[in-house]
Amino acid sequence: MNTKMMSVLFASGNESKLNELTIHRTTASLPFGGRYRLVDFALSNLVNSNITRIGIITRNNYSSLMDHIRMGRDWDLNRKNSGIAVFPPFVLNTSREVYKGKIEAIYTILDYIKKSPEDYVVVSNCNIAANIDFVKVLATHLEKKADVTVLCHTARINSSRRVIIKKDESGFIKDLHFEETPSDQDYLISLNIYIIKKDLLVEYVENAYSRGLVDFEKDILFKEVENGRLYAYELQGYAAIVDDVKTYYAESMKLLERGVREQLFDGENKIYTKVKDSVPTVYGSSCKVINSLIADGCVINGTVENSILFRNVRIKEGAVVRNSIIMEDGVVMEKSTLAYAITDKHVIIRENRQISGFLTYPIVIVKNKVV
Amino acid sequence: MNTKMMSVLFASGNESKLNELTIHRTTASLPFGGRYRLVDFALSNLVNSNITRIGIITRNNYSSLMDHIRMGRDWDLNRKNSGIAVFPPFVLNTSREVYKGKIEAIYTILDYIKKSPEDYVVVSNCNIAANIDFVKVLATHLEKKADVTVLCHTARINSSRRVIIKKDESGFIKDLHFEETPSDQDYLISLNIYIIKKDLLVEYVENAYSRGLVDFEKDILFKEVENGRLYAYELQGYAAIVDDVKTYYAESMKLLERGVREQLFDGENKIYTKVKDSVPTVYGSSCKVINSLIADGCVINGTVENSILFRNVRIKEGAVVRNSIIMEDGVVMEKSTLAYAITDKHVIIRENRQISGFLTYPIVIVKNKVV
Amino acid sequence: MLRKECVAMLLAGGQGTRLGVLTQNVAKPAMPFGGKYRIIDFTLSNTINSGIDTIGVLTQYQPFELNQYIGNGQPWDLDRLNGGAFILPPYQKAKSGEWYKGTANAIYQNIDFVDKYQPEYVLILSGDHIYKMDYSKMLDFHKLMEADCTIAVIDVPIEEASRFGIMNTNADGRIYEFEEKPRIPKSTKASMGIYIFTWEKLKKYLIMDEEDHNSQNDFGKNIIPGMLRAGERMYAYEFSGYWKDVGTISSLWEANMDLLDPQSDINLANKEWKIYARNAAEPPHYIGNQAVIDNAIISEGGNIDGHIEKSVIFTGVTVDWGAIVRNSIVMPDTHIESGAIIDHAIIGWGARIGKNVVVGEPQKKPVNGEWQIAVVGPGVELEAPMKIKAGEMVGGKK
Amino acid sequence: MLRKECVAMLLAGGQGTRLGVLTQNVAKPAMPFGGKYRIIDFTLSNTINSGIDTIGVLTQYQPFELNQYIGNGQPWDLDRLNGGAFILPPYQKAKSGEWYKGTANAIYQNIDFVDKYQPEYVLILSGDHIYKMDYSKMLDFHKLMEADCTIAVIDVPIEEASRFGIMNTNADGRIYEFEEKPRIPKSTKASMGIYIFTWEKLKKYLIMDEEDHNSQNDFGKNIIPGMLRAGERMYAYEFSGYWKDVGTISSLWEANMDLLDPQSDINLANKEWKIYARNAAEPPHYIGNQAVIDNAIISEGGNIDGHIEKSVIFTGVTVDWGAIVRNSIVMPDTHIESGAIIDHAIIGWGARIGKNVVVGEPQKKPVNGEWQIAVVGPGVELEAPMKIKAGEMVGGKK
C-alpha cells in the first residue's frame with residue numbers, strides 16, 4: 001500500500017482548565033466554530049492528507065466522543081483495513097490506573113503502532129484548530145532528514161504552559177521550554193503536533209517508559225534538542241490552541257474575521273464533521289443580524305451581533321444576543337439579553353433574562369441548564 | 001414508518017455455566033456452527049423480519065461483542081435512524097453496580113425503549129440458535145390478542161433451569177415453571193424469546209422495578225399466567241438453547257445432520273455473520289474427511305471425522321481430528337490426535353499430541369493455548 | 001438476495017426542457033432546491049422514511065451529476081448491503097440496445113432488476129415533485145383494497161383540474177374512469193404520478209404493452225387506460241398535504257418561496273420526517289456588518305453582507321455590501337457583487353452577477369398563472385450595464 | 001469534491017463471446033472464479049489495496065449483474081463518501097447519445113467524470129485478468145520516470161510473444177516501438193493492458209482521437225501508437241508474478257486449476273493482499289460420510305458426498321453420493337446427482353447434472369495449447385443418457 005503515515009491522537013489533555021465546558025466531554029469533543037468539534041480539525045487534516053489509520057487515546061468521558069465519531073463514517077474513515085481505533089482507558093492497563101502522561105499512553109498502544117504498516121506517525125493533541133497538509137510536512141521532514149518535526153506557529157502567548165521554540169537559520173530547534181506567563185510579544189509556539197519515524201517513536205517511548213518517565217515533551221523532546229535533529233515546521237495561516245475558557249472564547253471570536261475563516265475552511269482541504277441533516281437557517285422578518293457566524297437549522301427572529309450560533313439555535317422575537325457563543329439547540333426566549341456568554345448545548349434562556357459576562361471573563365452556562 | 005417491532009437483546013446470561021468458553025466473551029459472542037457467533041442468529045432473524053432497531057444490553061466482557069458487531073454493517077444495520085445500540089454496563093446505572101436481572105436491565109434502558117416509535121418489542125436472550133420469522137409470530141400475537149407471546153419448542157430437558165410450559169388447546173399458557181432436572185421425555189420448553197406490546201412491557205417493568213423485583217420470568221411472567229393472556233407460539237424446526245458446555249457440544253454436533261442444517265440455514269432467511277474475506281478451503285491430496293462441517297479458509301491435509309472446523313483451521317499431514325470442534329485459527333500439527341475436544345480460538349496442538357475427552361464430557365482447551 | 005416486499009422505481013429520465021438553461025447540463029432531479037437540497041432528495045427521503053430501502057433510479061440523460069450525487073446512497077441511509085439505491089441507465093442486451101422509449105418501457109427494460117428482489121409490490125415514482133409522503137400508508141391502502149394498482153391523487157381546485165390527469169372514482173375509491181387533461185372535469189382528484197402496482201400484474205401489462213407497436217409505452221397513456229379497460233382493481237389513494245410539481249421556472253420559484261411562508265404546509269424542520277441531502281462540508285455562513293436580512297433562508301458556507309429580502313440563499317453564496325436580493329433564489333457558489341439588484345429571479349449555480357447589474361423586476365402577481373422570473377444560467381458571468389428583464393433567460397455555459 | 005491523485009477506470013465492457021454460454025446473460029467481469037470470487041474482484045481488490053479508492057467501471061453490456069454485485073462497494077471497502085466505485089454506462093447528452101465505440105471512446109465519454117476528481121494520473125484497467133498487483137509501485141515508477149504514459153508489461157516466452165502486443169524498449173524502459181502481435185517479436189515484453197497516463201496528456205490525445213473519424217478509438221490501436229509517434233515519454237513497467245487472461249474457456253479452466261497447484265504463484269491466502277468478494281451468507285460446507293476428497297478447493301454452503309478430485313467447487317454446490325468430479329470447475333448452486341461423471345468440464349451456475357450423466361472426458365495434455373473442456377451452461381438440466389463430449393458446449397437458458 002502507498003500510505004506512509006498513521007496517526008496517534010490524544011483526545012484528552014486540558015479538561016482541568018476548560019472547566020464547565022469539559023465536565024461531560026473530552027477536549028476533543030468540545031464544540032467549536034459553529035458546527036464542529038475540535039477533533040474534526042485533526043481528523044479532517046489527516047484524511048485530507050491521506051492518513052486513514054488513526055488511533056485515538058482517551059482518558060475519560062469518552063462516550064460523547066464515540067457518539068460523535070461513529071466509526072468515522074462522516075470522515076470516510078469506516079475502512080476495512082485501517083480507519084479509526086478508539087482506545088478507552090484501562091483496556092491495556094492491567095493496574096486499572098489511567099495513564100499518567102503521553103509516554104505511558106503511547107506505551108499502552110505500542111502493539112497497535114508496531115503492527116501498523118505505515119512508516120511515519122503523526123502524533124497530535126486534539127485541541128488545535130488549523131488546516132494542515134501533512135503530505136507537505138512529511139516531504140519537508142524527509143528532505144531535512146529530521147528526527148522529529150515539530151509543528152509550530154508565530155503567536156502571542158495567551159495561556160500558560162505553552163512550549164516555546166528557538167531555531168537556527170536552517171530551521172532546526174536550538175531550544176525548547178515551557179513558558180508560563182502570557183506575553184504581548186510574538187513567539188514561535190509549538191502546536192504539540194509531531195511527525196516522527198515510527199521506529200524512532202517506538203524506541204523513544206520504550207526507553208522513556210522503562211525509566212519511569214511520563215512527559216513526552218519534557219522527558220523526550222526537550223532532551224533530544226541537543227542532538228540537533230528536531231526540525232521546526234512553521235505553519236502559515238490561522239492556528240488556534242484551545243486550552244482554557246479564555247482562549248476558547250478568544251479563538252472562537254477570531255472566526256468572525258473573513259481572513260481567518262478563509263485560512264481555516266477554504267480551499268481543497270475541507271473540514272468535515274458529523275452530519276446532522278439540519279435544515280438551512282430561517283430568518284424572520286423581525287430579525288437583525290450582523291457580524292455573526294450562523295450554522296444550519298437556526299430560526300432567528302431577534303437580534304444577533306458579534307456572535308457564533310451553533311446548529312438549531314432559536315432566537316425569539318425581541319431577544320438580543322451580543323458577543324456570545326450559543327451551542328447546539330440553545331434557545332433564547334423573548335426579550336432576554338445575553339452578552340459575553342458561552343452557553344453549552346441545549347441551554348434555554350427564559351423570557352426577560354439579562355445575562356452578561358465580560359470580554360476577558362465570559363460567563364459559561366453549563367449543558368442542559370434552563371436559566 | 002411502517003416498522004412495527006423493535007428488539008431488546010440480553011448479551012449475557014449463562015457465562016457461569018459455560019466456564020472456559022466465556023472467560024473472555026459474553027454468551028452472545030460465543031462461536032457456534034463453524035462460522036457464526038450465537039448473536040448472529042438473533043440479529044439475522046430480526047433483520048430478516050424487518051426489525052432494525054435493536055438494543056443490546058451487556059453485562060461484562062463486551063469488547064469481543066463490540067468488535068464482532070461493528071455498528072452492524074454485516075447485518076445491514078448501520079442505519080441512520082435505527083440500527084444497533086449497545087448498552088454497556090454502568091452507563092445508566094449511577095450506583096455503579098451491574099444490573100441484577102432482566103427487569104433492572106430493561107429498566108436502565110427504558111428511556112430508549114419509550115422513545116422508539118415501534119409499537120411491539122421482541123425481548124430475547126442471545127443463547128438461541130434458530131431461524132425465526134417474527135413477522136409471522138407478530139401476526140399470531142395480534143390475531144390471538146395475547147398480552148405476551150412466548151416462543152417455545154418441543155424438546156427434552158437437557159440442562160437445568162429450563163422454563164416448562166403447559167398450554168390449553170387454544171394455545172394459551174396455563175402453567176409456567178422452572179425445571180431443574182434433565183429428562184428423557186419431551187416437554188414444551190420456553191426459548192425465553194417474547195413479543196410484547198411496548199406499552200405493556202414498560203408497565204410491567206416499571207411496576208416490578210418499583211417493587212424491587214428482578215427476575216423477568218419468575219417475577220413477571222409466572223405471575224401473569226393467571227390472567228390467561230400469555231400465548232405459547234411453538235416453533236417448528238430446529239432450535240438450540242446453549243447454556244452450558246454439554247449443551248454447546250451436543251447442539252453443535254446436531255448440525256452434522258442435513259435436516260437440522262436445512263431448518264437452520266436454508267430458505268430465504270439467511271443467517272449473516274461478520275465478513276472475514278477468507279479464501280475457500282483447500283483440501284490436499286493426503287486428506288481424509290467425512291461427516292464434517294468445514295468453514296472457509298481451512299487447509300486440510302489430515303483426517304477429519306464427525307467434527308466442526310471454524311474458519312482458517314489447519315490440519316496437518318497425519319493429524320487426526322474426531323468428534324471435535326476446532327474454533328477459528330486452530331492448528332493441529334503433524335501426527336497429533338484430537339477426540340471429543342472443543343478448542344477455543346487460536347489454539348495450537350503441537351506434533352505428536354494425543355488429546356481425548358469423552359462424549360458426555362468433552363475437553364475444553366482455552367483460547368490462544370499452545371498444547 | 002433477500003426478498004423485498006416493495007421495490008421503488010424512480011423515473012428520473014426527463015431532461016426537463018421547460019427549465020431551460022438550468023437543465024442544460026444537469027438532469028432535473030439533480031436541480032438544487034430549498035437552500036441545500038436537490039429535487040430528488042424529497043423522493044429519496046420519502047422512500048427510506050417509508051421503510052422502503054431498495055430504489056432503482058431510471059435515467060438516461062446526464063447521469064453524471066445524479067450518479068455522483070447519489071454515490072453510495074449513504075446520506076439517505078441507502079448504503080445497504082442488500083438493496084439500496086441503484087442508477088439504472090439503458091443497457092446493451094447481447095447485440096442490441098435501446099434508449100428508454102417511454103416511462104413504461106423504462107420499467108419494462110428493468111424487469112430483471114425488479115425480479116431479483118421478488119417483490120410483491122412496485123412503487124413507481126417520479127423525481128420532480130416537492131412533497132412529504134408516507135408511501136407505507138398508501139401501500140397499506142393498496143393491500144386493504146386488494147388492488148392491482150393504486151394511484152395517489154390530490155384534490156385540486158376545479159378550475160385547474162383540466163391541467164391534470166383526473167380520476168373518476170366510486171365512493172370506495174375504485175377508479176372507473178381516467179381522463180387525461182379533460183376539458184370538462186368530472187372530479188378534482190388529480191393523479192400525482194405515484195403508482196403502486198402488484199408486481200405480477202404490472203409485469204403482465206408491461207410485456208403486453210411492449211408487444212403493441214402502436215403503444216407509446218407510457219404509464220398515463222397506455223398502461224393505466226389498458227388496465228382500466230381490462231377491469232383490473234384500480235384505486236385512488238387520496239393524499240392531502242403539500243405537493244408541487246416543479247417542472248417550470250415559475251413553479252420552481254413558487255415552491256422555493258413557499259418555504260419562506262409560515263402558513264405553507266411544507267415543513268422541512270419536522271424531525272419525524274427528515275429530508276436528507278448530501279452534505280457540502282462548508283462552515284457556517286457569515287452575516288456581515290452591513291447586512292440586512294429580512295425573511296430569508298440561508299444555507300452554509302455563505303458570506304452575506306448585502307440586503308436580503310424574502311429569498312432563498314444556497315450553500316457557498318457571497319453577497320457583497322450594497323447588493324440587493326429580493327424575492328429570488330440564489331443557487332450554490334454564486335457571487336453577487338455590490339450594487340447589483342436582483343428581484344424575482346433565479347441565479348444558477350456558479351454564476352457571478354457583477355457590480356450594479358440588474359436582474360429581474362418587481363412583480364405584484366403572476367400573469368396567466370406564471371410569474372415572470374428572470375433566470376441566469378449556471379456559470380454565467382454578467383457585467384454592468386447588463387440588465388436582465390422580467391422573464392428573460394440568459395444562457396448557461398458549462 | 002476532494003481531489004484524488006489517481007483515478008482508476010476499469011474497462012468492463014466486453015461481452016466475452018469466446019466464453020460462449022457462460023457470458024450469454026452475464027458480463028465477463030462478473031464471471032465466477034476460484035470458488036467464491038468473480039473475475040472483477042481481482043481488479044477491484046488490487047485497486048483498493050493499492051490505495052486508489054475511486055474507480056469508474058465502464059460497461060454497456062448486461063450491467064445488472066455487475067451493478068448489483070458491486071452495489072455500494074462495501075465488500076471492497078469502496079463505500080466511500082468521496083470516491084468509491086461507480087458504474088458508468090453510456091448516457092444521453094442533450095439530444096444525442098451513443099454507445100461506447102471503443103476503449104478510448106469509453107474513457108472519452110467519461111472525461112467529465114474523471115475531471116470532477118481533478119486527478120494528476122489515470123489508471124486504465126481491464127476487468128478480465130487474474131493477478132495480484134500493487135499499482136502504487138507502478139505509479140511511483142511513472143512519477144520517477146516523469147512519464148506521460150506507463151504500460152505494465154510481463155515477460156512471456158518468446159514462442160508465445162507473437163500473440164501479444166509487444167513493447168520494444170531502451171535499457172531504461174523507455175518504449176521506442178510498439179508492435180501488435182508481431183510475426184517476429186523483437187522482445188518478450190508483452191503489454192498487460194494496464195496503463196497509467198498523466199491525465200492532462202491523455203485527455204489531449206482522447207480529444208484528438210475523437211476528432212479523427214478514421215480512428216477505431218482504441219487504446220492499443222490508436223492512442224498508444226499515436227503518442228509514440230508524437231514522441232511522448234512512454235515507459236514499460238515490468239511486472240513479475242502470476243498474471244492470466246481468462247478470455248477463453250481453456251484459459252479460464254487453467255487459471256482455476258492453477259489455484260490447486262502449490263507451485264503456482266497465485267496465492268489467494270496472503271493476508272497482506274486480500275482479494276475481496278461479496279459474501280454469500282452461506283453456512284460452512286458439509287462433507288458427507290461417503291465423500292472422498294483428493295485435492296480440491298471447496299467454498300461455503302455445499303453438501304459434498306461424492307468423489308472430488310483436483311476440482312474447484314463453488315458456493316452452494318451439492319454433489320451426491322457416487323458422483324465423480326475430476327479436473328473440473330463446478331460453479332455456484334449446482335447439483336451433481338449420483339452416478340454422474342464430470343471430467344475436464346465447467347458446470348455453469350444453477351445447472352443440474354442428472355443421475356449417471358457424463359460430462360467431458362479425461363485428457364492428458366492440451367491440443368494446440370487448448371484444453372478440450374466440456375461446458376454446461378448456467379441453469380441447464382441434463383438427464384441420462386445425455387453425454388457431453390470433450391470440448392462440447394451445451395447452451396444456456398436463463
Side-chain angles (χ1 to χ4, degrees), chain B residues 32-36 40 44 47-48 73-76 78 131 255-258 260-262 264-266 268-301 304-314, chain D residues 33-37 41 45 49 71-72 74-77 79 256 259-262 266-271 273-305 308-318:
Chain B
F32 186 80
R35 67 195 295 266
Y36 305 96
D40 294 342
S44 302
V47 167
N48 289 336
R73 66 194 290 189
D74 290 318
W75 296 265
D76 230 2
N78 50 341
N131 200 320
L255 297 178
L256 295 177
E257 296 168 29
R258 186 162 181 164
V260 166
R261 285 200 310 282
E262 282 174 358
L264 193 53
F265 298 116
D266 279 12
E268 279 172 14
N269 291 332
K270 300 280 187 192
I271 305 299
Y272 299 93
T273 186
K274 182 175 176 179
V275 170
K276 299 216 171 161
D277 300 303
S278 311
V279 298
T281 282
V282 178
Y283 291 86
S285 288
S286 58
C287 77
K288 182 164 175 302
V289 181
I290 59 167
N291 192 35
S292 294
L293 201 57
I294 318 270
D296 258 9
C298 298
V299 179
I300 303 178
N301 287 297
V304 179
E305 287 175 15
N306 316 322
S307 293
I308 295 174
L309 271 47
F310 281 68
R311 290 188 271 205
N312 298 320
V313 166
R314 268 123 186 80
Chain D
F33 181 84
K36 67 173 279 195
Y37 306 95
D41 288 333
S45 301
N49 286 341
N72 70 352
Q74 199 249 311
W76 305 269
D77 209 21
D79 55 331
N256 274 280
L259 296 175
L260 290 165
D261 179 2
I266 183 80
N267 174 10
L268 294 186
N270 175 3
K271 287 192 182 165
W273 201 270
K274 277 191 177 179
I275 302 300
Y276 304 107
R278 191 165 283 273
N279 196 269
E282 291 288 333
H285 64 261
Y286 171 76
I287 307 290
N289 274 312
Q290 313 294 329
V292 178
I293 315 287
D294 176 6
N295 195 15
I297 284 175
I298 304 183
S299 186
E300 291 167 328
N303 277 294
I304 311 296
D305 217 3
I308 312 287
E309 203 180 310
K310 205 167 185 303
S311 292
V312 176
I313 311 294
F314 284 68
T315 308
V317 169
T318 299

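So you know, we letter chains A, B, ... as the sequences are listed, proteins then strands, and number each from 1. These numbers come from a predicted model, not from an experiment. The figures here come from the full heavy-atom set of this structure, side chains too, leaving out hydrogens, waters and symmetry mates.
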Item to check | side-chain contact (heavy atoms from CB on, under 4.5 Å), paired with Tyr286(D), selected from Asn291(B), Ile294(B), Leu255(B) | outcome: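 Of the listed options, the one satisfying the test is Asn291(B).
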Interchain contact, [X] with chain D, by part (heavy-atom threshold 4.5 Å):
X: Ile300(B); answer: neither
X: Ser278(B); answer: backbone
X: Leu293(B); answer: both
X: Lys288(B); answer: neither
X: Tyr36(B); answer: side chain

How long is the straight-line distance from [atom2] of [Y] back to [atom1] of [X], given to the nearest 0.5 Å?
X: Thr315(D); Y: Asp296(B); atom1: OG1; atom2: CG; answer: 7.5 Å
X: Asp294(D); Y: Cys287(B); atom1: CG; atom2: SG; answer: 7.0 Å
X: Leu260(D); Y: Ser285(B); atom1: CG; atom2: OG; answer: 9.0 Å
X: Asn279(D); Y: Asp74(B); atom1: CG; atom2: CG; answer: 7.5 Å

Per-residue contact mode, [X] against chain B (heavy atom under 4.5 angstrom):
X: Asp79(D); value: side chain
X: Asn289(D); value: both
X: Ala277(D); value: backbone
X: Tyr37(D); value: side chain

Next on the checklist: Quick check on the interface: out of Ser286(B), Ser292(B), Ala295(B), who has the most heavy-atom pairs with chain D under 4.5 Å?
Outcome noted: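 Among the listed options, the one with the most contacts to chain D is Ser292(B).
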Item to check | Option in Asn312(B), Val279(B), Asn301(B) with maximal non-hydrogen atom pairs under 4.5 Å from chain D | outcome: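 When all of Asn312(B), Val279(B), Asn301(B) are compared, Val279(B) has the most.
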Checklist entry - Given the options Gly35(D), Pro284(D), Ala281(D), which has more heavy-atom pairs under 4.5 Å with chain B than any of the others? => result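 It is Pro284(D).
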Checklist entry - Out of Lys274(D), Glu282(D), Lys271(D), which one racks up the most heavy-atom pairs below 4.5 Å with chain B? => result Glu282(D)
Item to check | Residues of residues 295-304 of chain D within contact distance of chain B, non-hydrogen under 4.5 Å | outcome: Asn295(D), Ala296(D), Ile297(D), Ile298(D), Ser299(D), Glu300(D), Asn303(D)
Next on the checklist: Taking Asp277(B)'s backbone N and O only, do any of them form a donor-acceptor pair with Lys36(D)'s side chain (distance below 3.5 Å, no angle check)?
Outcome noted: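 Answer holds: no.
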Next on the checklist: According to side chain to side chain donor-acceptor pair (under 3.5 Å), who are the partners of Tyr283(B), at least two apart in sequence or on a separate chain?
Outcome noted: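 For Tyr283(B) the side chain to side chain donor-acceptor pair (under 3.5 Å) partners, ignoring immediate neighbours, are His285(D).
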